[in-house]
Each structure stands twice: as C-alpha cells, then as structure tokens.
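Quantities reported herein were computed from a predicted structural model and do not represent experimental measurements. So you know, we letter chains A, B, ... as the sequences are listed, proteins then strands, and number each from 1.
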Amino acid sequence: MENEGRMSRLASMLRRRGVILPSFEMYGGVSGLVDYGPVGASIKRRVVDCWIDHWTGIPNVREIDSPTITPESVLQASGHVGEFNDHMSECKGCKRVFRSDHLLEGVHENPDTLDAAKLDDEISRNGVCCPSCGSSEWGISSPMNLMFRTSIGAMGNARAAYMRPETAQGMFMLYPALFRHFRQKLPFGAVQTGKGYRNEISPRQGMIRLREFNMAEMEYFIDPESPPEVDLDRWGSEAVLLPDPEGPFPGEHRVSFSKAFESGIVRHPTVAWFLAMTMEFLEKVGLDPGKVRFRQHGGSEMAHYASDCWDCELLGEHGWIECVGIANRTCHDLLAHEEHSGSSQLRGWRQFDSPRVDSRDVLAPIGSVIGPKLKDKASEVTELLGELQELPDSLPFNLDLGDGSVVQITEEMVTRKTVEVTSHGEYFTPHVIEPAFGIDRIVWHILDHNFREVEKEGENYTILSLNQEIAPFDVSVLPLFDKDGMGEMARGIATRIREIKGIVVDIDSSRSIGRRYARCDEIGVPWALTVDHTSLEEGSVTVRRRDDQLQVRALVDDIIIRLANGTMEGLF
RNA sequence: GCGGGCAUGGUCUAGUGGUUAUGACAGCAGGUUCCCAACCUGCUAACCCGGGUUCAACUCCCGGUGUCCGCACCA
C-alpha cells in the first residue's frame, strides 16, 4: 500500500517543521492539547481570517468577542449543565455504559437527585440488571460532564462557572446589543471565533478530538415567519447529501443545494443557504470538494437545542470526520435565556403591514365596587378579568384565582363591553440558524488534502499545495548565494514586500538553492524569488511557482505590484 | 474508562545489567557548486517521568504520563 504510513509521515513533518506539535511535551505532554508552531499558527490565523471574511460578507453580520469563562447560570439556562451532569455506570458483563439515573427509573422516585455514592448504593441494593446483557455487576458510577469547571472569585464568595463549551452562548448574551445595533430589524447575525473547552473522556486521533479547541460560529437570527431571501446557487455544483436514514429521503443524494431545498431534502431555506456557503468556504481554503459530504442528524443524535442539524463531514486519514455542524436551533436558546434571566429583551418585533384592530368583548372591572368588596384580592381579580379569553354567558360566575381560591364575580362588579385594540406589530422570539466550524479539524483536513507525496528524480518529495490565502508565507526570497551583494539585494526585496499589507514574506539564505526550494515546498510557500548575478545588473529575479516548479524571470517592481494585487499567476 | 503494543538527538531508528550509546535524514559552521534535498570537512543534539531490585538500571520490576490498536464514550 502506497499510503501506508502517510499519516505518520504527515504528523512527523508537522512536528518537524513547526506546524502542529503536542503541547507541554517537556513535561510529558497532555493528551487532547496541541500547539500551533511558528508555521502552523500563521496557517490557522489565515484560515480564521478567511472564515470571518466569508461570513461577514453576508449583510448585517458582525463579529463579536465574548469571554470563555461563563457563569454557571448561563449554562444552566442553555441546558449544558443539566444535560452533562449525568453519572454513567458501566456494566461489568458487557462493558456497556448507561446513565446511572436511567437504570433506577421505576425503582427510585427521583433518581436524578442522587449523588454518585447513592446511585451506586441504589443500583446494587436493587440488583438492577443490565438492559443489554442482564448482568447485575456494575462498576462505580462516574460523573460525565464534559465541561471544565472553575470558579469566579476567591474563597467563600466564589461563583460557579465553566469554561465555555461553545462560543454560541456569548452571541445569545449579546442579542439585545445586536438587536439595537441592527436597528431592530431581522435578519441579522453575529460571528465569533475563539477557544472552546470540552473535557473529553478519552481524546484520540490527534487534532480531531481536542480538549481545548478553536471554534468559529455564526448565530443568524431570523423571523421564522419570513425567512430571508437566499441565493442557493452560489455553490452551483452538486454536493453529496446524506439525509436522515429514518426520514423520507434515505440514501445518498448528489444534488445542487437549490434542488435539495426544492425537493424537501433540506427543509429550511436558511439552512440550505448555509450549506451552500459552507461548501463555498471549504473550497476557498483549499479542501477537496470531492472529500466533502453533508449528513443529517437522526432524531436520537440531535443536540438538545436543535430541531434540524446537518453535519459537514470531511474525508481524510481518519475517515469521515464531522467538521461543521449547521443547526436550526429555533427559538430554544433565546427562549431559555428569557425564562432563566427574566430579561424581556430577547425578542424581535414584527411590524404589521397595516395596523390590526382587534375588537373583543371584555368584562371591565368597576374599581369602586371591586376594591372595597374584595380588598387585597382586588388587584389580582382585575388582572385576571383582563386576561379572560372566554367570557361567561351569564353572571354571576366563579373566577378561579389559580391558588385554589375562587371569587364570585357579580353583576355590579363589572360592565360587559366591546373594546378595540389597535396593534402595529407584535413581539416574537427569533429563530436562530447556526453554522459551527471546528477550526482545528478544518486545518487538519486542509493539511491532509494538500499533503502531496510525489517522486522527484527518484527521491521522495513532499509538497504542501496550500492556497496562497492560507499559506504560512506568501513568498520566500532566496539569494542564490549570500555574497557579491545578492544577500543585501534579497533583504532589500524582502523589506519592500513586507510593507505590502497582508503579504507575509520569508527569507532564507542557508544551504543550496534546491534544498531551500524543497523547504518552501514542504510547508506550502507558493512563490520563491531567487536573486542571482543577473538580478544585480537588471533588477530582475526568477519567480518559481511551487505547484509545477516552473520558473520565469520578472522585474522586482512588477512582482511587488503583482503580489499586492494578487496577480502573480499572470507571470506564467 | 477497560484491555494490549510501544516510548533512544528536531525526525526516523540500532542497541546493551558496567559502552565514549548506533546510523540515516534534518540543522549549524566552513569549503565547493552557481537555479531544484549534490559533494567534502567539522560541529550541535537523545535513552519519557517517579519509585523499586542491584555494587551498578537507558536496559529488569511496579506506578504514572504520552502514544498507537481494539472496546466504550464523543450534547
């Protein structure tokens, strides 16, 4: 097998050249944590920049930045605390793991209130059998919350907190500020990139499951009754979709995104739009479109907050890996935060085309009668009468106060009349569609898809064919020899290039020219400029293109202009 | 988290109860070459951590950590 060991050769190269390395290695390392070295950090930064440019290209999308430390109450509202504080028990017979409290259902009244010791105690005392194999031998239950717990403040006043498991909550916290910023008009969105933390039980597969990782998420808020116009043809080609196998479209579908939406495979237009935009982004950063597919979550797989979710999976050395999730989170988060925080600012306003006039019959309370008669219950009764949806046919009638007590409403307490209410619009809770990207996984797959092992004059040779936008350096300047003024000239050229905004330049004068070309190729530098004797006389250098190793001669002044406006290809 | 394999310069590796601990590649300095990892000379650089056995441990044993494979987990 030719590809035997490709992954370890790639990993070796990444370590050797300072792209991605295990963290804290001199202290033994920590599994699930990695460093981006001097080459990798630059690649990662450019991927993130590219991502931000891509998504903020949508009108009304701005970048925000929130803390990674998050108070417990926020994550209680979002469901992260409750969903992940489960204790797990392992069956000693078949090694399967179950939620400890689920094992006690029907045995104990509220199993979810028990702590670890009580759970174990109850499980063994009741002789609970394994639902899978029937054994009643259980290991000690262990808590399984994937969040890193911490506390804000010292000593007794400390407030419980977690390192954020996703950047999304920061965007929800800023919803009121975003709503004001965008002049109270939907749709709008916010993007955020940054670290997220999950204390994985057993991280494996290097870059794929990290405990601290880079995420990039957008929360796009829409009015569910009038979703935005979308352009599904921005990715015109077909993509591979794998809808829920339990749903109406089992199997693999190779369709365009507009077809996928028209045929109902993708239910929501905004979701379909983001699938297309995701495809567009992935190609932009140099992933192989033939190694991309979209898979819809089945019901049981769905996150607690989502109503529909498509994973974008990339094929690499680790198989198909989920790198992007596009979820319709509906109104789940905003509603939850409204309930838990008591804030009333997590809403959108839907203006009616013309004011609506509702007329309805009411029993208008007569304060001068109700007040003296009902005393301290008067205000409550007044309120309840206002909320009454169906009026009683005749009076008197009994009004249920909801606390068990009942008040008789008599003829003289109220007047029956028709009121007209004019409303110009209504509040609603926006829905949110979220594309969430795992940046590290994407970087890994970019490296994987672009790591080319070729043969050059009988030798093994590696080229990292990165797109220039995400290459660690745009160009490397190489004096053929560091003598006769070639070194000085090269340094002068590098200085001029360094002044071009957004262009990163490297200079290398050690060892033979062929060796330096090889080093550039290995870390994906797309252009090399070689300064030779002719350069000193004519002000020209040879330009070498990484991907085919072709060379042309060009004037330095021309190259500077071409680097600045991105037309280097025009030289060939 | 369970079971098994592995852990030696930057990378890939050889090897031993007492060695000056291999070799290749990479790197550095010089020479040479004068546009694709060439060549010559010299140099830098390693036994994962902790405990134990032993006169002596890189080597044997135990524990930890990391890593790989399988099982489990992965909102």
Quiz item: So what does A:Tyr27 touch, heavy atoms closer than 4.0 Å: a base, only the sugar-phosphate, or nothing?
Solution: nothing
Exercise. Quick one: label A:Glu459 by what it contacts on the DNA or RNA (base, sugar-phosphate, nothing), any heavy atom closer than 4.0 Å.
Key: nothing
Quiz item: Within the structure shown, what part of the strands sits under 4.0 Å from A:Ser31 by heavy-atom distance: base, sugar-phosphate, or nothing?
Solution: sugar-phosphate
Tabulate atom names and distances for all N/O pairs under 3.5 angstrom spanning the protein and nucleotides 27-33 of chain B.
| unit_1 | atom_1 | unit_2 | atom_2 | d |
| --- | --- | --- | --- | --- |
| B:rG27 | OP1 | A:Arg519 | NH1 | 2.1 |
| B:rG27 | OP2 | A:Arg515 | NH1 | 2.3 |
| B:rC28 | OP1 | A:Ser510 | OG | 3.4 |

Quiz item: At under 4.0 Å between heavy atoms, what does A:Gln551 touch on the DNA or RNA strands: base, sugar-phosphate, or nothing?
Solution: base
Exercise. Could you list the residues that satisfy side-chain hydrogen bond (donor to acceptor under 3.5 Å, both in side chains) with A:His337, not counting sequence neighbours?
Key: A:Gln169
Practice problem: Just call it for A:Ser12: base, sugar-phosphate, or nothing, with non-hydrogen atoms closer than 4.0 Å on any strand. | Solution: sugar-phosphate
Quiz item: Checking all strands, does A:Asp532 fall into the base, sugar-phosphate, or nothing category for heavy-atom contacts under 4.0 angstrom?
Solution: base
Quiz item: If you measure from the Lys or Arg side-chain nitrogens to the Asp or Glu carboxylate oxygens, is any gap between A:Arg295 and A:Glu313 under 4.0 Å?
Solution: yes
Quiz prompt | Over 12 non-hydrogen atoms of neighbours within 6.0 angstrom of CZ in A:Arg45 | solution = no
Quiz item: Are the aromatic ring centres of A:Trp444 and A:Phe451 under 6.0 angstrom apart?
Solution: no
Quiz item: Does atom CG of A:Asn460 have more than 12 heavy-atom neighbours, drawn from other residues, nucleotides or ligands, at distances under 6.0 Å?
Solution: no
Quiz item: Within the structure shown, what part of the strands sits under 4.0 Å from A:Arg516 by heavy-atom distance: base, sugar-phosphate, or nothing?
Solution: nothing
Practice problem: Would you classify A:Arg198 as touching base, sugar-phosphate or nothing, given that sugar-phosphate means primed atoms plus P, OP1 and OP2, and contacts are heavy atoms under 4.0 Å? | Solution: base
Quiz item: Is it the case that A:Asn328 and A:His431 place a side-chain donor and acceptor less than 3.5 Å from each other?
Solution: no
Quiz prompt | Rounded P spacing from B:rC25 to B:rG42 in Å | solution = 15 Å
